[in-house]
Asks: 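Got a structure here, written out as structure tokens. Questions coming.
Chain identifiers are assigned alphabetically (A, B, ...) following the order of the sequence lines, protein sequences preceding nucleic acid strands; residue numbering begins at 1 within each chain. If you're wondering where the values come from, they're calculated on a predicted model, not measured in any experiment.
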There are 2 protein chains.
Amino acid sequence: MRYTIREVSEKTNISAYVLRFYEKEGLLPHIHRSEGGIRYYTDEDMDLLGLISCLKKTGMQLREIKTFVELSEQGPETLRERCNILRQQQDNVRKQMAELQKSYEKVSHKLAYFSRLLSEYEGTGNP
Amino acid sequence: MRYTIREVSEKTNISAYVLRFYEKEGLLPHIHRSEGGIRYYTDEDMDLLGLISCLKKTGMQLREIKTFVELSEQGPETLRERCNILRQQQDNVRKQMAELQKSYEKVSHKLAYFSRLLSEYEGTGNP
DNA sequence: ACAAGACTTAGAGCTAACTTTAAGTCAATC
DNA sequence: GATTGACTTAAAGTTAGCTCTAAGTCTTGT
């Protein structure tokens with residue numbers, strides 16, 4: 001399948017601006033063009049894009065993602081290094097989940113406290 | 001207890017620059033000063049700072065945090081609204097945790113795939 | 001074949017959240 | 001009491017990641 005930039009944009013919720021920007025920055029290498037120079041994206045590109053947004057969502061910076069993509073370009077001799085990067089990222093995500101859990105508890109705790117204050121306040125005849 | 005900006009910075013891992021910046025932006029109102037104009041922070045300030053970083057960590061923007069702080073300034077008649085904001089944020093955090101979980105699975109899946117490729121590659125006599 | 005509208009490029013502009021600078025004031029030690 | 005170093009201010013600078021503009025090219029429907 002071939003997709004236009006618009007189709008990709010709609011499927012992925014990444015704006016066409018950003019798709020071009022990612023390409024310019026080296027995150028999406030070898031995007032094919034029609035004879036008139038119009039981009040078209042393959043399923044492989046879509047797949048990479050999926051990984052990119054996943055890495056981005058988990059806090060990896062574009063420049064690190066670029067490094068990862070460049071390793072991918074170099075073929076199987078970089079597989080070990082790519083695994084290491086993914087393992088590192090897996091670890092990061094675990095830490096983020098723990099952090100988020102702590103924050104959740106803090107917000108909940110504060111909310112419980114305010115709720116109590118609120119019911120007390122309302123109980124005094126101040127609606 | 002009274003803390004200098006340096007002590008607060010060390011305790012919270014928020015730089016003195018940022019503490020002053022937050023104050024300027026209205027996130028930390030009523031910071032006391034010594035006669036010479038030097039800031040000192042109270043335990044109450046520390047508490048607010050804890051809530052601020054928690055809200056920030058969970059993706060709330062400074063301008064929204066400022067709104068929350070301003071409501072706090074207005075006394076108990078804004079308690080209900082503050083509870084609503086916290087409940088909303090609690091919800092946001094739940095969504096973030098679900099998202100993060102999905103990303104974790106995606107990274108793990110990709111890693112498993114690459115690991116398999118790697119062991120195959122190494123099995124062929126390419127160390 | 002031609003108008004409308006999507007696409008192309010390079011590069012400028014924007015936003016959030018810091019981060020630093022410059023010029024000066026204050027506090028603690030020698 | 002002088003020096004050192006942390007503090008003060010307003011304002012400029014930085015970074016990441018977009019987001020848009022301008023000027024031009026291509027594609028598609030009538």
Asks: Name all residues meeting the side chain to side chain donor-acceptor pair (under 3.5 Å) criterion together with Glu105(B); count only those two or more places apart in sequence or in a different chain, and write none if there are none.
Replies: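 With neighbours one apart ignored, the set is Gln101(B).
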Asks: Around atom CZ of Arg2(B), are there more than 12 heavy atoms of other residues, nucleotides or ligands at under 6.0 Å?
Replies: no
Asks: Please list residues of residues 4-12 of chain A whose heavy atoms come under 4.0 Å from any atom in DNA chain D, ordered by number; otherwise none.
Replies: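 Output list: empty, so none.
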Asks: Rounded to the nearest angstrom, tell me the gap between atom CG in Leu27(A) and atom C1' in dA16(D).
Replies: 13 Å
Asks: When you measure from the side-chain N and O atoms of Arg39(A) to the phosphate of dT8(C), is any distance below 4.0 Å, counting only OP1 and OP2?
Replies: yes
Asks: Rounded to whole Å, please give me the gap between CZ in Arg20(B) and P in dA11(D).
Replies: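 Between P of dA11(D) and CZ of Arg20(B): 16 Å.
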Asks: Round to a whole Å and report the spacing from CD of Glu35(A) to C1' of dT8(C).
Replies: 16 Å
Asks: Please enumerate all protein N or O atoms sitting under 3.5 Å from an N or O of nucleotides 12-19 of chain C, with distances to 0.1 Å.
Replies:
unit_1  : atom_1 : unit_2   : atom_2 : d
dA16(C) : OP1    : Arg63(B) : NH2    : 2.2
dA17(C) : OP2    : Leu62(B) : N      : 3.4
dC18(C) : OP2    : Tyr22(B) : OH     : 2.7

Asks: Check the orientation of Tyr40(A) and His32(A). Use parallel for under 30°, tilted for 30 to 60°, and perpendicular for over 60°.
Replies: perpendicular
Asks: Looking at residues at least two apart in the chain, or sitting in another chain, which of them share a side chain to side chain donor-acceptor pair (under 3.5 Å) with Thr42(A)?
Replies: Asp45(A)
Asks: In sequence, state the C-alpha distance, the side-chain angles, and the governing distance for Glu99(B) and Lys95(B), and then conclude on salt bridge (Lys or Arg N to Asp or Glu O under 4.0 Å).
Replies: CA-CA 6 Å; Glu99(B) 270 289 300; Lys95(B) 279 175 196 146; over 6 Å; no
Asks: Using whole Å, report how far CG of Leu19(A) lies from C1' of dT9(C).
Replies: 16 Å
Asks: How long is the line joining CD1 of Ile38(A) and C1' of dT28(D), in whole Å?
Replies: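 Taking atom C1' of dT28(D) as the reference, CD1 of Ile38(A) is at 12 Å.
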Asks: Return the value, rounded to whole Å, for the distance between atom CZ of Arg2(B) and atom C1' of dC7(D).
Replies: 15 Å
Asks: With a 4.5 Å cut-off on side-chain heavy-atom distances among I, L, V, M, F, W and Y, is there a chain of contacts connecting Ile5(A) to Tyr3(A)?
Replies: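 Yes.
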Asks: Would you mind reporting whether Leu48(A) and Leu28(A) have side-chain heavy atoms less than 4.5 Å apart?
Replies: yes
Asks: Restricting to side chain to side chain donor-acceptor pair (under 3.5 Å), what partner residues turn up for Glu120(B), sequence neighbours left out?
Replies: none
Asks: Give every residue pair that meets the side-chain hydrogen bond (donor to acceptor under 3.5 Å, both in side chains) criterion with at least one member in residues 108-119 of chain B, sequence neighbours excluded.
Replies: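 Those involving residues 108-119 of chain B are Asp47(A)-Lys110(B), Gln90(A)-Ser108(B).
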Asks: Does OP1 or OP2 of dT25(C) have a side-chain N or O of Arg33(B) closer than 4.0 Å?
Replies: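 The answer is no; no side-chain N or O of Arg33(B) sits under 4.0 Å from OP1 or OP2.
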Asks: Rounded to whole angstroms, how far apart are OH on Tyr40(B) and P on dC26(C)?
Replies: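 The answer, rounded to whole Å, is 17 Å.
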